[in-house]
Structures are given as structure tokens and as C-alpha cells.
**Student:** 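Provided herewith is a single structure, encoded as C-alpha cells, for subsequent inquiry.
Atoms within a ligand are numbered from 1 in the order they appear, just like the ligands themselves.
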Amino acid sequence: MTTKERNSDSDHDDPDRSRRKWMVGGGVAAAGMLLSGVAQAQKSPGGAAAMDGLPVPVPPADKTAGPIVAGRDSRLQGRVAVVTGAARGIGRAIAVEFAANGADVIALDISGPVSTASDAAPATPQELAETVSMIQAYGRRAEGIRADVRDPGALRAAANRIEQRYGKIDIVVANAAIQYWKPLLDLQDTEWTDVIDNNLNGTANTIRAFAPMMVKRNYGRIIVVSSMQGRHGTKDAASYAASKWGIFGLMKSAALELGRYNITVNAVVPGLVATALTLYEKRLTESVGETGYKPNGFLTPQEAWDRRAATMPLGVGWVQPEDISPAAVYLASDAAAMVTGSEIEVTGGDSAKSL
Ligand SMILES: NC(=O)c1ccc[n+]([C@@H]2O[C@H](COP(=O)([O-])OP(=O)(O)OC[C@H]3O[C@@H](n4cnc5c(N)ncnc54)[C@H](O)[C@@H]3O)[C@@H](O)[C@H]2O)c1
């Protein structure tokens, strides 16, 4: 292996080091730009380094996505990530895709019943263990932690343990949630509060427990998971829709507060995804109801797919968890260094129908 190859490998394992090196080069190039526009054009193809003969300020290394490098939007080598609700579904896909791109991943999940105000079957400890094996299959360190995101003390204890064991926490994904379908006026009081407590308070608890570790190091990536049901009203699922609208307000407020610590806070916004949260007849019936279709008796998954696909720009009835996870990888990467307070929708085309 040549020295050049060795350097490039070690940079690959240490994104911070690679960025620091570029900024040193970039600063030199910016000064050089005053003498030679061609030299700067090669260093920073998109940037203007001088205006009317005056140098234009160059951001410090931690305030830019850095140079154009193939794959920088997915490189997570050396990062330590925590993903809540990772026993299955979208959380598992994000955890495994983080590992596939080089991160060590801690999968946190209750792996058991959450509330009677939840239509999906509970996740199991076996599913959590499977997620851990999938992460390890990529050669990354991994562990599963059984904890409830409604319990701030349990999250803080988990954060302390992870920091001790792994030395830091770079990325946290607040993904755990439940969903409940019942008309607003039929809801029991606890059915309303349970969904809000789990989804909205649970997301806030996650940020509040893990962000202090990021503040200490002046670096962090926080990703929350909202929903297209947080973009419009949802008939018979008001508590879920309200919790997901609330997550946008939480995300944007946290982005305002934490930017000064070089911590980004963004939302991934899925459309309908094939997971245990949604794949049961009542939910699919509701989803085709949006198209005006009334099933004649039991609604088969194929019928639901066909009805929805006919209305979707990309011709799918719903998307897969693995369609969502690349958006989380991008937001966690250095390429997204200047992205905060934002949302990325992955919907198969539902997004084209809303603001
Ligand atoms: N599936 C969809 O169509 C869809 C669409 C939009 C948004 N989302 C969102 O994506 C995220 C993941 O959903 P999914 O479809 O993968 O659901 P899922 O039910 O398959 O997975 C959710 C996981 O969260 C865990 N969880 C729930 N409450 C918890 C708690 N209090 N503490 C710890 N863990 C808890 C569950 O045990 C489960 O493993 C959720 O935020 C959901 O609202 C899903």
C-alpha cells in the first residue's frame, strides 16, 4: 500500500480529519485565489473566493460540508449512532444502513407492549436481537438496549452507558412511535395522552437525554421521524397526526437552540411504508379510503397496493423501510453539515400532493 493510499484510508475512517485537511488546503487556496483564479477553481469548483479584489470569508472546517468526494453523503466511518424503535421496521433499516456505511450502532427498543392505544402487534426481544446481528454482519460494534422512550431516566442511563462504552455519541435517531385509529370523540382520555406521550414526549425525551453528550463534543446529528400524517389532518387518527405535527415544531426549535453546538436537527418524513405499524386491514382500508375506494368485504394487500399505486406518481402502493433509511444516512453524513431544521420526505410521490 502506498503512503497516499494509507492516508486516504485513514481519512476514510476519520471524517473529521479529512475535513480538517481540506479546510487547511481550502484556506491556502482561498489566499491563492487572489493571485490565481484557476488554482482556486480547481480546489473549490463552486465557490467564489474574492469579490471586488477582497477575500470572501471561508467557513471553519466544522461549518461546511467540505470538498466534493465521491460517497461523502453516506460515509459514517468512526461514528457512533443510537436508533430508537430499532427492533424492526424503519428503525431497523436505519440502524442496519448506518452500519453498512461504517457506524457502530446501538439499537434501543421497548421490545414489548407499549399501550392499549396501539394497533400494531408489539415488537419482541428476538426482533431486537436480530437487528443487532444484522448490524454486526457489517463488522460494526452493536448492542440492543431494552428501554422505553417515555422514561427520561432510562434514556439518560442508556446515554451515560453508551458514552462510557463507546467514548461518544455522534448520531441519534428518534424513531420509536405507535399509531392508533379511533374517531376523536370515541377516544378514552388515556388513549389520547398515550399516543402523544409516546410519540411526541418520547421524541423530546430522546433529544434531551442524548444531546448533552453532543454538546460536550461540539458535534452531533439528531434525526427525528415524523410522517406525512404530520403534514395534513388524518381522519380517525388525530392523536397520531397531532404527535407527528408536534415533532416538526420540536425539531425546528431544537435546531434553533443546538446549532451553536454544531448539532444539526432534521426530520425524515415517510409516506406509507410496509411495516408492522401499517400492514393490517384496518390501516390499509383507511389508506384506500383516501382514494375514494370502498372495498367489498375483506381488503387484500394486493387490492390495496393496486388502488394506491394508481394514484401515486411513482406507481407504488407504499414504500419499503429501505427506501427511507438512505435519507437518514445522508442527514447523518458530513455532506449534510449545513442542513438543519429541515425535512426530507420519502413517499413514492404522495409529497407531490401537499405543500
Ligand atoms: N410505517 C409507516 O407507514 C410510517 C409512515 C410515516 C411515519 N412512520 C414513522 O416511522 C417510525 C417507525 O415506524 P415503523 O413503521 O417502523 O413502526 P414499527 O411498529 O414497525 O416500529 C416501531 C418500533 O418502535 C418501538 N417503540 C414504540 N414505542 C416505544 C417506546 N415507548 N419505547 C421504545 N420503543 C418503542 C416498537 O417496539 C417498534 O419496534 C415511527 O415514528 C412512525 O410514526 C411510519
Side-chain angles (χ1 to χ4, degrees), residues 82-96 106-131 144-152 154-155 158 173-181 194-206 209 223-232 234 237 239-248 250-251 267-280 283-284 286-287 304 308 316-325 327-328 343-348 350-351:
V82 180
V83 183
T84 74
R88 66 185 187 191
I90 294 168
R92 173 186 278 181
I94 291 172
V96 175
I106 294 87
L108 188 148
D109 202 289
I110 195 168
S111 299
V114 178
S115 161
T116 51
S118 169
D119 288 313
T124 64
Q126 291 73 22
E127 288 176 303
L128 184 58
E130 278 168 28
T131 300
I145 295 180
R146 286 190 72 185
D148 187 336
V149 297
R150 291 167 295 190
D151 181 347
L155 293 181
V173 182
N175 162 80
I178 54 173
Q179 191 174 61
Y180 194 51
W181 291 85
D194 273 13
V195 176
I196 300 293
D197 189 24
N198 201 68
N199 297 1
L200 180 54
N201 296 350
T203 301
N205 292 341
T206 304
I223 299 163
V224 300
V225 179
S226 181
S227 166
M228 287 305 283
Q229 290 175 257
R231 290 249 188 257
H232 47 69
T234 306
S239 56
Y240 181 79
S243 73
K244 293 295 175 175
W245 279 73
I247 284 173
F248 286 125
L250 168 66
M251 176 275 287
V268 170
V269 188
L272 187 62
V273 188
T275 70
L277 191 88
T278 49
L279 284 187
Y280 53 92
R283 173 70 181 98
L284 289 189
E286 182 281 333
S287 75
R308 283 183 56 83
V316 291
W318 46 78
V319 300
Q320 306 303 312
E322 296 75 20
D323 295 322
I324 309 297
S325 44
E343 305 120 41
I344 299 183
E345 295 177 357
V346 185
T347 66
D350 265 345
S351 305

**Student:** Considering distance alone, does some N or O of Val273 sit under 3.5 Å from an N or O of ligand 1?
**Tutor:** yes

**Student:** If the cut-off is 4.0 Å to any non-hydrogen atom of Arg88, which atoms of ligand 1 fall inside it?
**Tutor:**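 Answer for ligand 1: 18 (P), 19 (O), 20 (O), 21 (O), 38 (C), 39 (O).
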
**Student:** Out of Ile94, Thr275, Asn198, who gets a non-hydrogen atom closest to atom 1 (N) of ligand 1?
**Tutor:** Thr275

**Student:** Just to confirm my output: which protein heavy-atom neighbour is closest to atom 16 (O) of ligand 1, and how far is it?
**Tutor:** Ile90 N, 2.8 Å

**Student:** Show which atoms of ligand 1 fall inside a sub-4.0 Å distance from at least one heavy-atom site of Lys244.
**Tutor:**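 Near Lys244, meaning under 4.0 Å from one of its heavy atoms, ligand 1 has 40 (C), 41 (O), 42 (C), 43 (O).
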
**Student:** Any idea which atoms of ligand 1 are less than 4.0 Å away from a heavy-atom of Asn175?
**Tutor:** 10 (O), 11 (C), 12 (C), 40 (C), 41 (O)

**Student:** For ligand 1, which atoms have a heavy atom of Asp148 less than 4.0 angstrom away?
**Tutor:** 30 (C), 31 (N), 32 (N)

**Student:** Heavy atom to atom 36 (C) of ligand 1, shortest distance: which of Asp151, Asp109, Thr131 holds it?
**Tutor:**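 The option holding the nearest heavy atom is Asp109.
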
**Student:** Pick, from Gly271, Gly112, Ser227, the option with the minimum heavy-atom distance to atom 5 (C) of ligand 1.
**Tutor:** Gly271

**Student:** Between Met228 and ligand 1, is there a nitrogen or oxygen pair with a distance under 3.5 Å?
**Tutor:**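 No, since none of the N or O atoms of Met228 sits under 3.5 Å from an N or O of ligand 1.
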
**Student:** Taking atom types as modelled, is there a side-chain donor on Thr131 or Arg92 under 3.5 Å from an acceptor on the other?
**Tutor:** yes

**Student:** Please list the nearest protein heavy atom to atom 22 (C) of ligand 1 with its residue and the distance rounded to 0.1 Å.
**Tutor:**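 Sorting protein heavy atoms by distance from atom 22 (C) of ligand 1 puts Ala177 O, 4.0 Å first.
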
**Student:** Could you tell me which non-hydrogen atom of Asn198 sits nearest to which non-hydrogen atom of Val149, and how far apart they are?
**Tutor:** O-CG2, 3.9 Å

**Student:** Counting only heavy atoms, tell me which of Thr278, Thr347, Leu277 gets closest to atom 17 (O) of ligand 1.
**Tutor:**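 The nearest heavy atom belongs to Leu277.
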
**Student:** Please state which part of Ser226 comes within less than 4.0 Å of ligand 1, counting heavy atoms only: side chain, backbone, both or neither.
**Tutor:** backbone

**Student:** Return the residue, atom name and 0.1 Å-rounded distance of the protein heavy atom closest to atom 42 (C) of ligand 1.
**Tutor:**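 Its nearest protein heavy-atom neighbour is Tyr240 OH, 3.4 Å.
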
**Student:** I'd like to check which ligand 1 atoms, numbered from 1 as shown, lie under 4.0 Å from a non-hydrogen atom of Val225.
**Tutor:**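 What qualifies from ligand 1 is 9 (C), 10 (O), 11 (C), 41 (O).
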
**Student:** Please confirm whether Ala274 approaches ligand 1 to less than 4.0 Å, judged on its heavy atoms.
**Tutor:**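 Ala274: no contact with ligand 1 (<4.0 Å).
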
**Student:** List every atom of ligand 1 that sits less than 4.0 Å from any heavy atom of Leu272, numbering the atoms from 1 in the order shown and giving each element.
**Tutor:** 3 (O)

**Student:** In the protein, which heavy atom is nearest to atom 34 (N) of ligand 1, and how far is it?
**Tutor:** Ile110 N, 3.1 Å

**Student:** Testing the basics here: between Met228 and Ser351, what is the closest heavy-atom pair and its distance to 0.1 Å?
**Tutor:** CE-CA, 3.9 Å

**Student:** Quick one: closest heavy-atom pair of Ile178 and Ala117, and the distance?
**Tutor:**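 Minimum heavy-atom separation between Ile178 and Ala117: CD1-O, 3.5 Å.
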
**Student:** OG1/Thr84 to CD1/Ile106 distance, rounded to the nearest 0.5 angstrom?
**Tutor:**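 Separation between the atoms: 12.5 Å.
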
**Student:** Would you give the length of the straight line joining atom OG of Ser227 to atom CG of Leu272, rounded to the nearest 0.5 angstrom?
**Tutor:**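 The OG atom of Ser227 sits 9.0 Å away from the CG atom of Leu272.
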
**Student:** Is there a heavy atom in Ser118 that sits closer than 4.0 Å to ligand 1?
**Tutor:**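 Ser118 does not count as a contact of ligand 1 under the 4.0 Å cut-off.
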
**Student:** Stepwise, does the side-chain contact (heavy atoms from CB on, under 4.5 Å) test hold for Thr234 with Trp181?
**Tutor:** CA-CA 10 Å; Thr234 306; Trp181 291 85; 3.6 Å; yes

**Student:** Below 4.0 Å from any atom of ligand 1, is there a heavy atom belonging to Trp318?
**Tutor:** no

**Student:** Would you check, one step at a time, whether the test side-chain contact (heavy atoms from CB on, under 4.5 Å) holds for Thr278 with Leu284?
**Tutor:** CA-CA 7 Å; Thr278 49; Leu284 289 189; 5.6 Å; no

**Student:** Report the nearest protein non-hydrogen atom to atom 24 (O) of ligand 1: residue, atom name, distance rounded to 0.1 Å.
**Tutor:**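 Here the nearest protein heavy atom works out to Gly85 CA, 3.3 Å.
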
**Student:** Hey, could you give me the CG/CG distance between Leu200 and Asp197, rounded to the nearest 0.5 Å?
**Tutor:** 9.0 Å

**Student:** Which ligand 1 atoms, with their elements, are less than 4.0 angstrom from a heavy-atom of Ala147?
**Tutor:**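 That gives atoms 32 (N), 33 (C) of ligand 1.
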
**Student:** Any nitrogen or oxygen of Val149, main chain or side chain, under 3.5 Å from a nitrogen or oxygen of ligand 1?
**Tutor:** yes

**Student:** Where do Arg150 and Ser115 come nearest, in terms of heavy atoms and distance?
**Tutor:**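 Scanning both residues, the minimum pair turns out to be NH1-CB, 4.4 Å.
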
**Student:** Apply the test side-chain contact (heavy atoms from CB on, under 4.5 Å) to residues Asp119 and Tyr240: give CA-CA distance (whole Å), side-chain angles for both, the deciding distance (0.1 Å), then the verdict.
**Tutor:** CA-CA 12 Å; Asp119 288 313; Tyr240 181 79; over 6 Å; no

**Student:** How far is atom 35 (C) of ligand 1 from its nearest protein heavy atom, and which residue and atom name does that atom have?
**Tutor:**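 Here the closest protein heavy atom is Ala176 CB, 3.5 Å.
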
**Student:** side-chain contact (heavy atoms from CB on, under 4.5 Å) between Met251 and Thr203: does it pass, once the steps are laid out?
**Tutor:** CA-CA 9 Å; Met251 176 275 287; Thr203 301; over 6 Å; no

**Student:** Calculate, to the nearest 0.5 Å, the distance between atoms OG and CG belonging to Ser243 and Leu250 respectively.
**Tutor:**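 That separation rounds to 11.5 Å.
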
**Student:** Any atoms of ligand 1 less than 4.0 Å from a non-hydrogen atom of Ala87? List them with their elements.
**Tutor:**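 Result: 39 (O).
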
**Student:** Any nitrogen or oxygen of Pro270, side chain or backbone, less than 3.5 Å from one on ligand 1?
**Tutor:** no

**Student:** Hey, is Thr84 one of the residues with a heavy atom under 4.0 angstrom from ligand 1?
**Tutor:** no

**Student:** In this structure, does ligand 1 have an atom that sits under 4.0 Å from one of the heavy atoms of Pro321?
**Tutor:**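 For ligand 1, residue contact (heavy atoms, under 4.0 Å) with Pro321 is absent.
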
**Student:** Work out which heavy atom in Trp245 is nearest to a heavy atom in His232; give both atom names and the distance.
**Tutor:**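 Taking Trp245 first and His232 second, the nearest heavy atoms are NE1-O, 3.5 Å.
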
**Student:** Can you give me the closest heavy-atom contact between Leu128 and Asp109, atom names plus distance?
**Tutor:**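 Leu128 and Asp109 have their closest heavy atoms at CD1-CB, 4.0 Å.
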
**Student:** State the CD1-OG1 distance between Ile324 and Thr347, to the nearest 0.5 angstrom.
**Tutor:**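 Interatomic distance, Ile324 CD1 to Thr347 OG1, rounded to 0.5 Å: 8.5 Å.
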
